[in-house]
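For reference, the structure is listed below as structure tokens.
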Amino acid sequence: MNVSKYLPEAVEAKWQARWAHDGTNEVDLDGAPRPFYNLMMFPYPSAEGLHVGNLFAFTGADVYGRFQRLRGYQVFEPIGFDAFGIHSENFALKVGAHPADLIPRNIANFRRQLKRFGGMFDWRHELSTTDPAYYRWTQWLFLQLYRAGLAYRKKAAVNWCPSCKTVLANEQVEGGVCERCKTPVEQRALEQWFFRITDYADRLLANLDDPTTMDWSDTTTTAQRNWIGRSEGAEIIFRVEDHAIPVFTTRPDTLCGATFLVLAPEHTLVDAITTDAQRDAVHAYREAAAAQDLVTRKVGGRDKTGVFTGAMARNPGTGETVPVWIADYVLMEYGTGAIMAVPGHDERDLAFARAFDLPVVRVLAAPGDDAATPITDADMDTADRRLVNSGPYDGLSPGDGAAAISRDLATRGEGRSVVQYRLHDWCISRQRYWGPPIPIIHCDTCGPVPVREEDLPVLLPRIDDFTPDDSGISPLARHQEWYFAPCPSCGAPSRRETDVSDTFLDSAWYYLRYTSTDWDDRAFDADRVSRWLPVASYIGGNEHAVLHLLYSRFVAMVLHDQGLLPFEEPFRRFRAHGLIVKDGAKMSKSRGNVVIPDEYIATWGADTFRLYLMFLGPFQAGGDFRDSGISGPRRFLDKVWELVNRSIREDAHGEIEKAGLARWHRTVKKVTDDYESLNYNTAIAAMMEMLNVLRESNCCERRLVEDFVVMLAPLAPHFAEECWERLGHGTSVFDASWPAYDARLLVDDMVEVVVQVNGKTRGKVTVMRDALESVVVARAREEEGVARNLGTQEIRKVVHVPNRLVNLVVG
RNA sequence: GCUCGGGUGGCGAAACUGGCAAACGCAUCGGACUUAAAAUCCGGUGGGAGGAAACUCCCUUGCGGGUUCGAUCCCCGCCCCGAGCACCA
């Protein structure tokens, strides 16, 4: 037997073939007694193939799945492809190909790479969102939401390129101009489909605080909380003659400082209240605001612009009249689209008041200030303030003032407490080609009518020229046979909805589909779903911390409310992996620092590469990819290889001695804990240390070596299989059981205690475990370095941390 | 601007969440083996001062304060890097 060298290429090919042949990674979805759903975010199959960042994420997730399998779970680890969307479509347009031709090629390449790195995937459940057998159920999902009254249509602004005559996604607008033709982009209002996710805002928020259903990292829950953006405040009614203008404010306490109103340019009351003298100016301003693209409108300059409408409104706090302006810094989609401006205590309102010379009134005074003190930028702060210039409310704190003012407004019918969310309803319409057609037919008499479920899928027809044209609607409208369809309700000639749905809808339920790819008559099977879900571990990138995860949660909640799912939170545990950077910078094509994993795997083997990726930093933090480090893990595997072979030859020789045994048990515990918490880098370090100990003490005890191989298996699966087979086992190492450790053996009998004098280390003594303080101190004083530093000084105080440290305080 | 991460040797990073800072690995230097090189093995390597030497002492976790017997860790005030959000009233 040739044992001199470990040859990854041959070994990895052998085991990949055997896993496929034996169905090692396949799990019985109906019979598993201890199911563990190990999910990772499915990739978008780009033309470039998997990059190191993808592989880092997949490896970390796969290691965890393999670990859980060794701990005795039946682990379901599916994979699929998120292949619809603007990415694919734009790429296809660029290279002059059809996405329907490109995607299968890209998927084939991804599949090859995913097999090569050694993922424990059950390929029988692979899916692609572009497959009609999949998107049929995406369309079905739309219908469920429609039936539940959670899908509706309304006009909403989109970016519009007047030259290309097409809708642009925000990413296609660069500095206010179309990325293709450089024409300034404007806004256009189109009828679009929305989901009422805002109805679920409170539940989506509340569940984040429930540790029994959600074990998520704080960064992710915080991001979701911020995105939902709950604010408590008041809606206050200002009147302009007989028009009521409600405004939303989180600071009703400052009502008496509201010296003007500002409406969003799109506000529906603008026409009604504008005076004849101001009509032309208002009209021009509204036109100009609409001519801006959505990105510039929101992100663009902070310089305040606006126009006076000529109208005056009554401030219900002071009874005085205040001017009504319009300005684009007020957003129609938040609150009521109108604000009461309090320039004394709001930065933006102050900037606006300064720009247009509007009155500024102080209503909050810091200690030492009074009602007459001029406003400064520091007055945007609220700490320690009292109300002034507020009539009966003078002297109250902002909190008490807000309560008192809200109460008084409510009794007069001029206001009420409300909760506002930053979260908007989810616009799922895309005026694009490469997506699932929204299953609606527009009838002149019946209006929008859902396609019958039995008529799904509404197939996306192949259109060779899917370039947007000047019709201003999706290229699908050009496909006459597809576009015209009878109304499902009355049979009259009608037209299909030409918008396709957002890719986020595809990915909002894929984890359900994985469990049920065997059926084409249901989106997901009730028994399967109740056995395998919620997902036990979900790992993915932080870039999806908000939208994808929030939409998935929303969809699960809706399905739960429809009685279709037994749970409302789909992902019990979620962890975001870190980012791999190269030379201190994020990898990107433009920087030219993208690392392609294939060549590294070809050179070093998948196991070494996996080990290297997991060793270069904490999984949840990411790390810096450097070519130089990869030889370390390879040397480690070579040494383990040697140890295994020596153990086979010498078998019973070299039993570990007592101190080494404690070390061994500590290592097993540390490695186990580190896998569980995804700290793979320190798990590897602990195994390296243990290996060094075994080598130094010349120990190759069979039992330990076998356990060592099992502990390494999640990280280096092919390597471990080969070792396991050589050690005489006829079954997969992944059917072995995880090494146990004996808690009683974790500690040594003798411990080293650090001795400090005044907090500085001056020596160390070895004593029996749990030795008494008096014994430790006595021994410590005998230490030369300690005695020297102690001199003749009297010990004032002794700080004793058993088995660890003793600090003698003198002087 | 706001929110969340993060800042530790030449480099990637550890450190039981208050207890020996720098484990593990890379790189590098010296030695062994070799005709030679690679591979492998053994040993050194944060900075400074003293000593012929084994050794001894001082400094060091972005900067400045604080709490504590003791701070990489906790508190206050700054600086820098990364990610996300961004006129949200």
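Residue numbers begin at 1 in each chain, while the letters A, B, ... track the order of the sequences. Reckoned from all heavy atoms, side chains included, excluding hydrogens, waters and symmetry mates.
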Stem ranges of RNA chain B by first residue number, counting only runs of at least 3 Watson-Crick or G-U pairs under 3.5 Å, come to B:1-7 with B:79-85, B:10-12 with B:24-26, B:27-32 with B:40-45, B:46-50 with B:55-59, B:62-66 with B:74-78
Expressed as a whole number of Å, how far does the C1' atom of B:rU61 sit from that of B:rA22?
-> 9 Å
Distance between P atoms of B:rA13 and B:rG19 (Å, rounded) = 22 Å
Across the strands shown, which category fits A:R634 at heavy-atom distances under 4.0 angstrom: base, sugar-phosphate, nothing?
-> nothing
With a 4.0 Å cut-off on heavy atoms, is A:Q420 in touch with a base, just the backbone sugar-phosphate, or nothing at all?
-> nothing
Residue-phosphate contact under 4.0 Å: A:N803 side-chain N/O, B:rG19 OP1/OP2 = no
Under 4.0 Å between any heavy atoms, over every strand shown, what does A:V809 touch: base, sugar-phosphate, or nothing? Just pick one.
-> sugar-phosphate
In whole angstrom, give me the gap between the P atoms of B:rC11 and B:rU28.
-> 15 Å
Euclidean distance, atom CD of residue A:E232 to atom C1' of B:rA89 [Å, nearest integer] | 15 Å
Answer yes or no: does a side-chain N or O of A:T219 lie under 4.0 Å from OP1 or OP2 of B:rA83?
-> no
Take the angle between the ring planes of A:F56 and A:F619 and call it parallel below 30°, perpendicular above 60°, tilted in between.
-> tilted
C1' gap between B:rA86 and B:rC78, integer Å | 24 Å
Flag the pair A:Y551 / A:W426 as yes when their ring centroid distance falls below 6.0 Å, and as no otherwise.
-> yes
Nearest-angstrom distance from the residue atom CG of A:N758 to C1' of B:rU68 | 13 Å
If you check every side-chain atom of A:P618, which of B:rA15, B:rA27, B:rA13 has the closest atom?
-> B:rA13
P atoms of B:rG70 and B:rC58, separation to the nearest Å | 16 Å
Check the distance between B:rA13's P and A:Y680's OH and give it to me in whole angstrom.
-> 18 Å
Among B:rA13, B:rU3, B:rC87, which is the nearest nucleotide to the side chain of A:T222?
-> B:rU3
A:W604-A:Y612 aromatic ring centre distance below 6.0 Å = no
Do A:M687 and A:L715 come within less than 4.5 Å of each other through their side chains, counting heavy atoms only?
-> yes
Looking for any heavy atom pair under 4.0 Å, which part of the strands does A:L616 touch: base, sugar-phosphate only, or nothing?
-> sugar-phosphate
Nearest-nucleotide 5' precedence on RNA chain B, A:K764 against A:Y334 = A:K764
Answer yes if the side chains of A:Y421 and A:S231 hold a donor-acceptor pair under 3.5 Å, and no otherwise.
-> no
Considering only the P atoms, how many Å lie between B:rG31 and B:rA36, rounded to the nearest integer?
-> 13 Å
Taking the six-membered ring of A:Y329, is NZ or CZ of A:K304 closer than 6.0 Å to its centre and within 45° of its axis?
-> yes
For the atom pair CD1 (A:I684) and CE (A:M614), what is the distance rounded to the nearest 0.5 Å?
-> 7.5 Å
Do the side chain of A:Q756 and the base of B:rG19 come within less than 3.5 angstrom through a donor-acceptor pair of N or O atoms?
-> yes
Take atom CG of A:D674 and atom P of B:rC16, then tell me their distance rounded to the nearest Å.
-> 12 Å
Below 3.5 Å between N/O atoms, which protein atoms pair up with nucleotides 37-47 of chain B? Just atom names and distances, please.
residue	atom	partner	partner atom	Å
B:rC41	OP1	A:R695	NH2	3.1

Proximity of A:Y600 and A:F625 rings by center, below 6.0 Å = yes
Look at all strands and tell whether A:K760 reaches a base, only sugar-phosphate, or nothing, counting heavy atoms closer than 4.0 Å.
-> sugar-phosphate
Assign A:D218 to base, sugar-phosphate, or nothing according to its heavy-atom contacts below 4.0 angstrom with the strands shown.
-> nothing
Touch class at under 4.0 angstrom, heavy-atom based, for A:P633 against every strand present = nothing
Minimum-distance nucleotide to A:T250 side chain [options: B:rA89, B:rC69, B:rC26] | B:rA89
A:L255 has an atom CG; how far is it from atom P of B:rA89, in whole Å?
-> 17 Å
Give me the one residue out of A:V754, A:V786, A:V755 that meets side chain to side chain contact (heavy atoms under 4.5 Å, CB included) with A:R762.
-> A:V786
Proximity to the side chain of A:F248 - top-ranked nucleotide from B:rG25, B:rA89, B:rC69 = B:rA89
How are the rings of A:Y334 and A:F248 set relative to one another: parallel (under 30°), tilted (30 to 60°) or perpendicular (over 60°)?
-> perpendicular
Using only heavy-atom distances, decide whether a donor-acceptor pair under 3.5 angstrom links the side-chain of A:K797 to the base of B:rC69.
-> no
Short side-chain to backbone donor-acceptor contact, A:R230 and A:V419, under 3.5 Å = no
Charged N to carboxylate O under 4.0 angstrom, A:R385 versus A:D253?
-> no
Would you kindly give the CD-to-P distance between A:E689 and B:rG25, to the nearest whole Å?
-> 8 Å
Nucleotide of B:rA27, B:rC20, B:rG12 approaching A:S631 most closely (side-chain heavy atoms) | B:rA27
When rounded to whole Å, the CE to C1' distance for the pair A:M687 and B:rA23 reads 15 Å
Contacts of A:D349 and A:I630 projected onto RNA chain B by closest heavy atom; the upstream (5') one is A:I630
Has A:R762 got a side-chain N or O lying under 4.0 Å from the OP1 or OP2 atom of B:rG70?
-> no
How would you label the contact of A:N226 with the nucleic acid (heavy atoms, under 4.0 Å): base, sugar-phosphate, or nothing?
-> sugar-phosphate
Its glycosidic angle compared against 90° from 0, B:rG9 adopts the form syn
Lys/Arg N to Asp/Glu carboxylate O, A:D215 vs A:R575, below 4.0 Å = yes
Rounded to whole angstrom units, what separation is found between the CZ atom of A:F615 and the P atom of B:rA13?
-> 11 Å
C1' atoms of B:rC41 and B:rG46, separation to the nearest Å = 27 Å
Which of B:rC20, B:rC24, B:rA89 is nearest the side chain of A:M688? It is B:rC24
The side chain of A:W227 lies closest to which of these nucleotides: B:rC87, B:rC85, B:rG19?
-> B:rC85
What distance, rounded to whole Å, do you find between the two P atoms, one in B:rC2 and one in B:rA89?
-> 14 Å
